[in-house]
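As a basis for the values below, the full set of heavy atoms in this structure was taken, side chains included, without hydrogen atoms, waters or symmetry mates. On a predicted model such as this, the values are computed, not experimentally measured, just so you know.
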Amino acid sequence: MMVRKSGKWSMTMLNMQLTRVNQPRLWVPPELLRGLPPGPKSGAICLGDLILPSSIGGPNERPAVVHLFVAADSRSGHAIAPTVRVPGTPLGAGASEAVLMAIKERRQIPEKVFVPEPLFAEMLGELARVVGFEVRVKRHLPMLDELLRDLARYAEQHGDGDSQTIH
């Protein structure tokens with residue numbers, strides 16, 4: 001940990017023991033589950049994330065990185081509008097909200113949600129149980145890879161290379 005003492009920065013060792021909580025978490029408030037489409041489940045959604053090479057924040061605010069969650073319908077290839085993870089929100093909450101937004105935009109609950117990382121599958125487990133879809137880890141999701149590549153390319157072309165402030 002970096003500590004400032006007498007106008008100088010010094011490094012101090014920080015020893016912390018973190019306890020892992022193994023209870024399932026829904027990560028989203030129950031009101032976000034209201035209004036989910038009824039009817040039979042169909043298709044699949046691919047979910048991924050991307051950290052853009054830019055920052056957001058006001059003139060006197062500390063800049064924060066832009067972390068997007070991106071979803072696409074696996075059958076049609078339709079990309080659902082990316083959601084920005086609000087700084088300070090847990091990763092599981094951002095992923096869960098992105099899945100719920102994709103479900104609402106598709107107007108249909110998917111049979112499966114494909115994610116590229118086991119961590120996402122773990123975080124979405126309780127939401128999957130409550131809503132009624134299956135989460136599968138699939139390392140190679142070509143449609144999602146292409147979408148993430150295009151978003152990263154767009155961010156590089158429209159940023160100044162290092163960072164930009166978005167108001």
Participant: Nearest heavy-atom pair of Ile109 and Pro37: which atoms, and what distance?
Facilitator: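 Taking every non-hydrogen atom into account, CD1-O, 3.6 Å.
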Participant: If we ignore hydrogens and angles and just use 3.5 Å, is the side chain of Lys41 paired with the main-chain N or O of Gly132 as donor and acceptor?
Facilitator: yes
Participant: Do side-chain atoms of Ser96 reach the backbone of Trp27 as a donor and acceptor pair under 3.5 angstrom?
Facilitator: no
Participant: Under a 4.0 Å N-O cut-off, is there an ion pair linking Glu126 with Arg129?
Facilitator: yes
Participant: To the closest 0.5 Å, what do you measure between CG (Leu47) and CG (Leu141)?
Facilitator: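 One finds 9.5 Å between CG of Leu47 and CG of Leu141.
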Participant: Quick one: does Val70's side chain get under 4.5 Å of Leu144's, heavy atoms only?
Facilitator: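 Yes, close enough: below the 4.5 Å cut-off.
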Participant: Quick check: do Val66 and Ile51 have side-chain heavy atoms less than 4.5 Å from each other?
Facilitator: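 SC-SC contact between Val66 and Ile51 ruled out.
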Participant: Quick one: are Pro116 and Val137 in side-chain contact, heavy atoms under 4.5 Å?
Facilitator: no
Participant: As an exercise, state the distance from CG of Leu32 to CE of Met101, rounded to the nearest 0.5 Å.
Facilitator: 8.5 Å
Participant: Under the criterion salt bridge (Lys or Arg N to Asp or Glu O under 4.0 Å), I'd like the reasoning laid out for Glu117 against Arg139: C-alpha separation, chi angles, the key distance, then a yes or no.
Facilitator: CA-CA 7 Å; Glu117 300 290 331; Arg139 297 265 184 221; 3.7 Å; yes
Participant: Drop me the distance from Ser42's OG to Arg75's CZ, to the nearest 0.5 angstrom.
Facilitator: 4.5 Å
Participant: So Phe120 and Val135, do their side chains get closer than 4.5 Å, heavy atoms only?
Facilitator: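 Val135 does not reach Phe120 side chain to side chain.
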Participant: Would you call His67 and Asp49 a side-chain contact if the rule is heavy atoms closer than 4.5 Å?
Facilitator: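 In short, these two side chains touch, coming nearer than 4.5 Å.
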Participant: Is there a side-chain contact between Arg106 and Ile45 (heavy atoms, below 4.5 Å)?
Facilitator: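 Yes, at least one pair of side-chain atoms sits under 4.5 Å.
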Participant: Tell me, do Phe133 and Val99 make a side-chain contact under 4.5 Å, heavy atoms counted?
Facilitator: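 A side-chain contact exists here, since the closest heavy-atom pair is under 4.5 Å.
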Participant: Could you tell me which non-hydrogen atom of Leu50 sits nearest to which non-hydrogen atom of Ala152, and how far apart they are?
Facilitator: CD2-N, 3.9 Å
Participant: Between Lys104 and Leu36, is any pair of side-chain heavy atoms under 4.5 Å apart?
Facilitator: yes
Participant: Tell me the closest heavy-atom pair linking Ala121 and Val115, and the distance in Å.
Facilitator: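 The pair with the smallest heavy-atom distance is N-CG2, 3.7 Å.
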Participant: What closest approach, in Å, do Asp73 and Ile80 show between heavy atoms, and which atom pair accounts for it?
Facilitator: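 Residues Asp73 and Ile80, closest heavy atoms: N-CD1, 3.9 Å.
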Participant: Roughly how far, to the nearest 0.5 Å, is CG of Leu147 from NE2 of His78?
Facilitator: 10.5 Å
Participant: State whether Glu134 and Arg136 are salt-bridged, where the test is any N-O pair (Lys NZ or Arg NE/NH1/NH2 against Asp/Glu carboxylate O) under 4.0 Å.
Facilitator: yes
Participant: Would you tabulate the side-chain donor-acceptor contacts of residues 87-94 under 3.5 Å, counting partners in other chains and residues two or more places apart, or write 'none'?
Facilitator:
| from | atom 1 | to | atom 2 | distance (Å) |
| --- | --- | --- | --- | --- |
| Thr89 | OG1 | Val86 | O | 2.7 |

Participant: Can you measure from CD (Glu31) to CG (Leu33) and round to the nearest 0.5 angstrom?
Facilitator: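 That separation rounds to 8.5 Å.
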Participant: Could you go through His140 and Asp145, starting from their C-alpha distance and side-chain angles, then the distance that decides it, and tell me whether this counts as side-chain contact (heavy atoms from CB on, under 4.5 Å)?
Facilitator: CA-CA 8 Å; His140 185 63; Asp145 293 341; 3.4 Å; yes
